[in-house]
Every structure is written in structure tokens, then in C-alpha cells.
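So you know, we letter chains A, B, ... as the sequences are listed, proteins then strands, and number each from 1.
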Protein chains: 2
Amino acid sequence: MTDTRGSARRGRRPGDSGTREAILDAARGRFSSEGFRSATVRAIAGDAGVDPSLVMHFFGTKQALFVAAMEFPINPADVVPHIVGPGIDGLGERLVRFLLGLVDELGEANPMLGLVRSAVGHPDAARMMREFLGEAILDRVAAAIEADRPRLRADLCASQIVGILMARQILALPELAAADRETLVGVYGRTIQRYLTEPLDPR
Amino acid sequence: MTDTRGSARRGRRPGDSGTREAILDAARGRFSSEGFRSATVRAIAGDAGVDPSLVMHFFGTKQALFVAAMEFPINPADVVPHIVGPGIDGLGERLVRFLLGLVDELGEANPMLGLVRSAVGHPDAARMMREFLGEAILDRVAAAIEADRPRLRADLCASQIVGILMARQILALPELAAADRETLVGVYGRTIQRYLTEPLDPR
DNA sequence: TCCTGATCTCAACGTCTGTTGAATCCGAGT
DNA sequence: ACTCGGATTCAACAGACGTTGAGATCAGGA
């Protein structure tokens, strides 16, 4: 009721607005929970309490909004050394613990989920996800260890990490979603550790 | 040029038609490569060389077409005993070898890919995938082994299996897509085997 | 031979989509 | 005080979507 002049008004609102950030937040939420195709500009604008054309005014295109919204909230270059630093021992566990913590912390508006949900049937998003996983994280990890075929090892890790996201957050497999985090850290940590270090030859 | 009377004609075509199967094939292809939302009835009808309303005539609804098209081409009850039968030794490898063989064999029109691609942002498809993976396959495997927390073990296996599909077929991680199949059977087989048999307690 | 019912197309509907253009409003710099 | 330009909304477009209803055509049984 602080709005003195009826319902919707045109033109600029008083104050600093912060509307652009509100749109980005709404976009993160929608893209993360519905993927690129199903998330609509109108719904995002609605969540942000704003007209759809304002979204276009700021970002020009739904695609550009997606790229802006899926920017990762933390810089892998900052955090990966912190994980790799202590050495090979327990590296798998540290990676998994970091991932699960990040997922719980980010909740609904998780760019990783948005990328996974959009990669499906949207090659551009698949490329974004591939590049993020590969160049930003796994290549750094693979470079830190000393083993043969580092890129295949990175892909193996990626396949289990993406599988964790799919199974826990998207398919919501019940026992997996309910499992104690440290149990998962132990089990998946050993898997990642093996992918990084064990011999890869068949038999 | 066997069509003697001009271009498009109404009414029933001569012969046994087999059109229903053609529509199902086209639907499998589209749903598998684009997911439920992005695949359109019009495109499916176009692939089958048919009018969109004929699709509705046969299946009533896009949703019903999806369910019909994603029916699994093999019966898990037939094949799972064949995989589990030889015993615990090498069970993980046999499962992975079967999965990878199936993926290569089915190619483009793979219901598993369709379900994965649709599960994302489409809770009904997620439930279908969950039920298929769980009840049709993993519960049978989990029941065959003797270990604690069989359902959690089944979910762990599912997370790696879904991750393989995502990483190889959808994200198309290059080294993973190019890797020798028996190498993957060895590496992933050990993972599945561990998920089925190793102790799960943290630490 | 005629009738019935399944197969098939055409045209259209209402809705939702991303995007555009013009019009308004207002804070800030001069 | 006066402009300038960014912020914001409204109204509308053109295209795609799933779905519908009516009609045409033909195969097969009576």
C-alpha cells in the first residue's frame, strides 16, 4: 500500500532498482528447474515482477540471458587449487565433498543443474557444460595428478559427477537423495580416486 | 513415380499401410534426440510422411504417443536373469557390457536417451525412468546379490549408468565417446561391482 | 454390390512463444 | 530549471504449437 498511484505504472521506478539482478535470479531459478526450452521469458519476467520486454531490453535475447544467468557463481581457478593442493591422497573425497556441498548450498538456482537440464537437446548448452566441466575443473585436476590418459580420466570423472547430479537432483532416486552425505563422499570419493589413478587397460 | 494421381490425396492408402509403426519409429527418433518438450507432433508426422492429425487419431495425445514410443524394445525380465545368472563374479562387467552394447545397437532411436532427455524438467518422464531403472533392472540385480542396503546400492549403480549415458551420448565428451568399449567395460564394471558389494559405511 | 468402419488429409481453432516499437516516467548532470 | 537518457510498461506481431472436426477415400465383410 505504499504505492500511492493505483496499480501498474510505466516508466522508471524510484530507487536504485536492482532489477537486473532480480531478473538474473529469476532466470537462474527457471533455467535450473526447467531447462532452456521450457523456461519462458514471460515466466522469468513474472518471477522478477517485471514486464517481459524489460528482459529483452537488458539482455537482448533469451539465449544471451541464458548465458548470463548460467555464469558460474564461483571461480574454479580460485577453488580447485585448494582441493588439489593437499595432494593425491583423499583427492577424490575432497572433490565429491565440495560438489555435494555446493549443490546443497546453491539449492534451486544451481547453474550446473541448468546446464545439465539444457544440455539435453540443446547442443550449445551441451558445449557450455562440456567446456565448464573440462577446462575449468577436470583438466586442472588431471594436470595435477600424474597418470596416463589424463583427458580420458577427466571424462570418466565427469560421467560420475553428472550421474550424481542426474540421479540425486533430477531423477530424485529416493535412497540416494536421502543418503547421508559422508556416506556418499566415501563411496563416490573412492570411485573418483580410482578414475584418476588406477590403470585403465582392459584386463 | 508409382503414384499415378498427382500429389497428396485424402483417404486411405491401398495396402497394409504400417503407418502406425512408421509414426512410432519417427517418434522414437525425435523423442530420443530432442526430448519430450522439443520434439513436436508436426515434426514426427513429417518424418513419418503423414498429417499431424493422423498422429492424434492413432494416439490421442502427445503424452500418450510418448508413452507408446518409449516402451522398451526388450523385456528386462528376459535378459536380466541371463546377466545375473553366472553369479557375482564379473556381474558389474556383464551389466556394463550389456548396456554399452544396447546403446550402440539402438543408435538414434534409443528409449533410454528419450527418457533421460525428457526426465529433465518433466517429472512424469523422470518417474518413468526411475521406475524402469529401479523396478525393471536394478531391483532384480540387487535382489540377486546378498548385501546390506540393496536399494541404495541400486541407486548408486543407476547414478553411474545415467552418467555414462549423459557423458557419452548427450554431452559427447570426446575421449569417452572415442574410448575402446572393453576399456570402459573394465573401468565401469569395477565401479558397478563395488557399488553392489563393497561396504558402504563412511570411513 | 452395398455398407461399415478404419485410415487419411485439410483447414482451422485458440494458446503460447520470443521479440519489437512506441510511449511514459524519472534520476542525474548541467 | 531543463534537458538527456536509461528504466519501465503496454500493445501487438508473426510464427509455432497441440488439438479438433469435418470430410474424403478405400478395404473387407455381408
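- Put simply, the side chain of A:Leu65 reaches to within 4.5 Å of the side chain of A:Phe31, judged on heavy atoms.
- Mapping B:His57 and A:Thr61 onto DNA chain C via the closest heavy atom, the residue that lands nearer the 5' end is B:His57.
- Contact annotation for A:Ala43: no contact, since no heavy-atom pair falls under 4.0 Å across all strands.
- Between the CD atom in B:Glu34 and the OG1 atom in B:Thr40 there is a gap of 7.5 Å [rounded to 0.5 Å].
- Within the 4.0 angstrom heavy-atom criterion, no nucleotide atom of any strand lies near B:Ala48.
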Run the numbers on A:Thr197 and A:Ile145 for side-chain contact (heavy atoms from CB on, under 4.5 Å), then give the verdict.
-> CA-CA 8 Å; A:Thr197 60; A:Ile145 64 172; 5.5 Å; no

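- Of all nucleotides listed (D:dT20, C:dC10, C:dG18), C:dC10 comes nearest to the side chain of B:Asp51.
- In terms of phosphate contacts, A:Thr19 brings a side-chain nitrogen or oxygen within less than 4.0 Å of OP1 or OP2 of D:dT8.
- Atom pair B:Phe66:CZ and D:dT19:P shows a separation of 14 Å (rounding to whole Å applied).
- Contact check for A:Leu102 versus A:Ile74: side-chain heavy atoms found under the 4.5 Å cut-off.
- One atom, CZ of A:Arg37, and another, P of C:dC16, lie 15 Å apart when rounded to the nearest Å.
- The CZ atom of A:Phe58 sits 11 Å away from the P atom of D:dG6 (whole-angstrom rounding).
- Within 3.5 Å, a donor on the side chain of A:Ser53 pairs with an acceptor on the base of D:dC10, or the reverse.
- Fit an axis to the five pairs at each end of the helix from C:dT1-D:dA30 to C:dT30-D:dA1 and the two axes sit 0° apart, to the nearest 10 degrees.
- When the nucleotides D:dC17, C:dT19, C:dT9 are ranked by their closest atom to the side chain of B:Val50, C:dT9 comes out on top.
- The separation between B:Phe59 atom CZ and C:dA6 atom P is 16 Å, rounded to whole Å.
- The CG atom of B:Leu113 lies 4.0 Å from the CG atom of B:Asn110; values are rounded to the nearest 0.5 Å.
- We find that NE2 of A:His122 is positioned 11 Å from P of C:dG18, with the value rounded to whole Å.
- If you measure from atom CD1 of A:Ile44 to atom C1' of C:dG18, you get 12 Å, rounded to the nearest angstrom.
- Side chain of A:Met56, nearest nucleotide from D:dT9, C:dT17, C:dT20: C:dT20.
- Using a 4.0 Å cut-off between a side-chain N of Lys or Arg and a carboxylate O of Asp or Glu, A:Arg190 and A:Glu93 do not qualify as a salt bridge.
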Determine, step by step, whether A:Tyr195 and B:Thr191 satisfy the side-chain hydrogen bond (donor to acceptor under 3.5 Å, both in side chains) criterion, reporting the C-alpha distance in whole Å, the side-chain angles of both residues, the deciding distance to 0.1 Å, and the verdict.
-> CA-CA 9 Å; A:Tyr195 289 166; B:Thr191 299; 2.6 Å; yes

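- The distance between atom CZ of A:Arg30 and atom C1' of C:dT17, rounded to the nearest whole Å, is 15 Å.
- Atom CG in A:Leu54 sits roughly 15 Å away from atom C1' in C:dC26 (whole-Å rounding).
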